[in-house]
Each structure stands twice: as C-alpha cells, then as structure tokens.
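It should be emphasised that the depicted structure is a prediction, and the values quoted were computed from it without experimental measurement. Indexing begins at 1, ligand by ligand and atom by atom, following the structure's order.
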Amino acid sequence: MDTKYIKITELNNEIEQIQQAGQILKEGGLVAFPTETVYGLGGHALNPQSSHKIYAAKGRPSDNPLIVHICKWEDLAYIVEEIPPEAKKLAEQFWPGPLTMIFRKSDVVPYETTGGLETVAVRMPDHPVALALIEAAGGYVAAPSANTSGRPSPTLAKYVMEDMAGRIDMVLDGGEIGIGIESTIVDLTGEVPEILRPGYVTREMLQEQLGKVETDQTILSNESDLKPKAPGMKYRHYAPKGDLTLVSGAEDKVTNWINQQLELAKASGKVTAVICTQETQDKYKADFIKCAGSRNDEAQIARQLYRILRELDDDKADVIFAEAFETKGMGQAIMNRLLKAAGHHIEYV
Ligand code: AMP
Ligand code: MG
C-alpha cells in the first residue's frame with residue numbers, strides 16, 4: 001500500500017486534504033493524525049472492519065480496546081448508554097483535552113472497537129487538525145497511538161512513517177506534539193470514578209472537580225501480581241531495544257551508582273546511555289546522555305520522553321539507565337511509562 005504523506009502547515013489552506021482524509025475514514029481506510037497528546041492511528045469507530053485494520057496495522061492484540069475520538073459534546077450521547085453527571089463536569093473542565101472517559105457503550109459501537117467490552121473509552125482531542133478530521137469523517141474516529149505495538153508512541157510524524165509507511169492510507173503531519181504522553185483515562189462506570197491510566201490531567205486535578213477519585217493500584221506496581229483494569233495496561237509498552245533500568249534514590253547516590261554501572265558495561269564493550277535531567281546531566285560518563293529537561297518542569301520531561309526512547313534505538317544503546325521521578329502530579333504518568341518501558345526493573349540505591 002502506498003501511504004500518502006501530507007504536511008499540514010495551515011489548516012485553512014489544507015481543508016481539501018482534510019476532507020479527503022475524512023473520506024478515506026468513511027470508506028474504511030486508515031489515517032494517522034496529530035493530537036495534542038501523541039499521533040493517533042485513526043479508523044472509523046463504528047465500522048468493525050476499520051478496527052480490524054487498526055489492530056493489523058499496529059500488530060496490536062485485539063483484546064486491547066480503542067479510544068473513540070469525537071469533536072462535539074452533542075455527539076457523545078449516540079455512542080454511550082448514559083452520561084453520568086461527573087462526565088459533564090469533567091468535559092466542561094477538560095474537553096477538548098487530554099482526558100479519556102469510560103462509559104457504558106450503546107449498541108452502535110461494535111465490540112471490535114471496545115475489545116469485546118460493554119464499555120467504551122471516549123475523548124475529545126484538543127488539536128485543530130484532529131477536530132477537523134473527526135468532523136470530516138462523520139464524528140467518530142477510533143484511534144490508538146500510531147506506533148507499532150510495544151514501541152514508544154510517536155510524537156513526530158517521522159516516527160509514524162517509520163512504523164506505519166506501507167500499512168495505512170495516509171499520514172497527516174502536524175509537526176511536533178505538545179504534550180507527548182497519552183491521555184489520562186478515568187472510568188466513570190463504577191461507584192467512584194477511577195483513574196486507569198495516569199496522564200497530563202493529574203489525580204489532583206480530577207479530585208478538585210469530583211471530590212473522591214480512586215486510582216487503579218496496578219498503575220505503578222509490577223503487573224505480574226495484579227490484573228490492571230485497563231486491558232492495554234497489561235502489555236509491555238514503550239520499550240527501547242536496549243536493557244533499561246530505573247534508578248531511584250538521593251541524587252548523589254543515583255549518579256554514583258549509575259556511573260559505576262556504566263563503567264562495568266563499557267568494560268564489556270556495551271554501548272551505554274543515561275536518561276537524566278538538567279540538574280545531573282554533567283555528572284554522567286555514558287556514550288549517550290539524554291537530558292529530558294528540568295525536574296522543575298515535569299511537562300517538559302513528559303514531552304521529551306518518547307522521543308528519547310526512540311532515539312536510544314537509533315543510537316543502538318545496549319545498556320540504559322534512567323533516573324526515577326516523584327510519583328505525584330504529572331510524575332505519576334512519567335513513572336508509569338518509564339516503569340513499563342523498563343519492564344518494571346527498578347533499583348533503589
Ligand atoms: P491507546 O489508544 O493506544 O493509548 O490505548 C488505549 C487504552 O485505553 C487501552 O490500551 C486500554 O488500556 C484503555 N481503554 C480503552 N477502552 C477501554 C475500556 N472500555 N475500558 C478500560 N480501558 C480502556
Ligand atoms: Mg498506545
């Protein structure tokens with residue numbers, strides 16, 4: 001398949017291409033597009049064939065449900081059984097934006113899209129290209145991240161092309177992504193709203209709106225002991241090809257311990273790398289030093305994380321160490337992704 005690549009510089013000038021992309025989705029094809037979180041791989045959410053194609057293009061297990069993207073609040077009612085009052089509250093505050101809500105699905109949503117579940121995940125992305133595309137496609141676009149299953153989610157269109165060229169109909173390039181980490185997922189089908197995946201919208205922000213909010217305990221724990229409630233969270237994700245270890249502890253201890261390990265790895269001929277912060281980047285002796293930003297700006301760290309994980313593959317790093325982060329606020333999302341990337345290998349020093 002020939003994958004059409006289109007650069008969107010100014011939405012007004014590219015309306016025709018967006019219409020064309022919407023038509024592809026209506027006819028059951030696949031289009032990758034930018035959102036504010038990461039690039040999405042879009043298919044028509046109410047067409048089971050489209051969902052099959054998404055799973056095939058990503059190599060994703062088909063019990064891992066897709067998020068349905070909408071562009072207007074009014075469109076929600078058609079695909080869900082009921083809209084709980086919490087949803088309206090959260091939508092007023094966070095939509096369009098990086099928050100996915102889980103509802104009981106209506107009959108129009110095929111099980112192929114929900115991975116066989118009676119519930120459906122819905123989000124309204126905060127990106128002009130995404131919103132225009134969803135509108136052009138008729139309102140309902142199922143879209144997981146536009147990467148091969150298991151690889152870091154793409155924050156640049158070149159990474160989408162790397163994984164998806166030849167497998168999908170079109171890629172819309174909207175430049176670098178602003179947030180760089182997937183949406184927060186909150187389940188509204190139980191008694192108390194529950195965070196199933198941490199993201200840019202933090203637990204503290206949700207609590208401010210809803211009062212009581214629970215968090216799925218598997219978010220930061222080793223998943224072999226507990227079954228996560230968001231099916232996709234059980235799979236190893238975001239993993240670089242090299243061997244990644246997280247290191248947690250006081251700054252001096254962490255830098256010293258990592259440097260010792262780096263020396264050992266170098267002595268055995270390995271290519272070494274460190275994922276660190278502005279505060280520590282001058283302290284390491286590795287072949288590749290990847291500074292994710294300042295500890296005072298966790299949004300910047302989240303934005304750079306997936307690009308760094310992909311670069312480590314290009315660098316052919318064999319042994320990688322990453323500093324751990326605090327697990328409150330956005331740090332929870334960063335640690336959730338890093339722990340998955342490391343297969344939960346963390347050293348406390
Ligand atoms: P992605 O779109 O690649 O970020 O992945 C979407 C993730 O959302 C899945 O891996 C699931 O973990 C989660 N998800 C989607 N739909 C549901 C649902 N109905 N119930 C629980 N989790 C869901
Ligand atoms: Mg994904």
Side-chain angles (χ1 to χ4, degrees), residues 30 32-43 45 50-51 54-70 76 79-81 84 87 98-106 109-125 127 130 134 140-155 159-160 163-164 177 179-190 193-201 214-216 218-219 223 226-239 302 305-306 309-310 333 336-337 340-341:
L30 302 184
F33 61 98
T35 78
E36 82 281 31
T37 57
V38 299
Y39 274 86
L41 173 56
S50 298
S51 296
I54 290 176
Y55 290 116
K58 280 181 65 90
R60 174 171 174 146
S62 60
D63 66 345
N64 186 354
L66 308 176
I67 294 173
V68 178
H69 292 65
I70 60 173
L76 178 63
I79 55 170
V80 304
E81 192 119 287
L99 179 70
T100 296
M101 297 188 241
I102 311 266
F103 301 89
R104 278 180 229 293
K105 80 173 192 71
S106 75
V109 183
Y111 287 114
E112 283 78 357
T113 299
T114 67
L117 298 174
E118 293 299 335
T119 53
V120 61
V122 188
R123 173 168 114 80
M124 192 191 295
H127 193 292
I134 297 163
Y140 303 98
V141 175
S145 48
N147 52 285
T148 308
S149 191
R151 294 206 75 196
S153 304
T155 52
Y159 295 139
V160 179
D163 285 12
M164 292 297 151
I177 292 300
I179 289 180
I181 210 160
E182 301 87 346
S183 60
T184 306
I185 301 180
V186 60
D187 185 354
L188 300 176
T189 63
E194 183 174 21
I195 298 171
L196 304 188
R197 175 172 77 185
Y200 188 83
V201 174
E214 282 174 357
T215 307
D216 182 356
T218 64
I219 279 174
E223 292 150 28
L226 295 161
K227 190 173 180 294
K229 294 188 184 126
M233 300 296 277
K234 72 179 175 229
Y235 296 106
R236 184 158 180 217
H237 264 106
Y238 325 117
L305 186 61
Y306 289 149
L309 290 174
R310 285 208 175 229
N336 167 261
R337 306 313 193 271
K340 280 175 171 296

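- Between the side chains of S153 and R337, no donor-acceptor pair is found at a separation under 3.5 Å.
- For ligand 1, the polar-atom distance check against R197 finds a nitrogen or oxygen pair separated by under 3.5 Å.
- The OH atom of Y306 lies 5.0 Å from the CD1 atom of I181; values are rounded to the nearest 0.5 Å.
- Counting only N and O atoms by type, the side chains of R197 and T100 include no donor and acceptor under 3.5 Å apart.
- Heavy-atom contacts of T119 reach the following atoms of ligand 1: 18 (C), 19 (N), 20 (N) (cutoff under 4.0 Å).
- By the criterion of a heavy-atom distance under 4.0 Å, the side chain of L196, and not its backbone, is placed next to ligand 1.
- Atom numbering of ligand 1 starts at 1 in the shown order; those under 4.0 Å from a heavy atom of A121 are 15 (C), 16 (N), 17 (C).
- At a heavy-atom cutoff of 4.0 Å, ligand 1 is contacted by the side chain of R60 but not by its backbone.
- Here is the list of ligand 1 atoms found below 4.0 Å of a heavy atom in L117: 18 (C), 19 (N), 20 (N).
- Ligand 1 has no nitrogen or oxygen under 3.5 angstrom from a nitrogen or oxygen of K58.
- Residue contact annotation: S153 places no N/O/S atom under 2.8 Å from the Mg ion (ligand 2).
- Judged purely by distance below 3.5 Å, without hydrogens or angles, the side chains of S145 and E182 never pair a donor atom with an acceptor atom.
- Neither the backbone nor the side chain of T100 has a heavy atom within less than 4.0 Å of ligand 1.
- Counting atoms of ligand 1 from 1 in the listed order, those under 4.0 Å from a heavy atom of I185 are 7 (C), 8 (O), 13 (C).
- Heavy atoms of A143 found under 4.0 angstrom from ligand 1 belong exclusively to the backbone.
- K58 places a side-chain N or O within donor-acceptor distance of the main-chain N or O of N147, the cut-off being under 3.5 Å.
- Near N64, with a cut-off below 4.0 Å to any heavy atom, the atoms of ligand 1 are 9 (C), 10 (O), 11 (C).
- In this structure, T37 contributes its side chain and P98 its backbone to no donor-acceptor pair below 3.5 Å.
- Judged purely by atom type and a 3.5 angstrom limit, R310 uses its side chain to pair as donor or acceptor with the backbone of P152.
- The structure places CD of E81 at 11.5 Å from OG1 of T189, a figure rounded to the nearest 0.5 Å.
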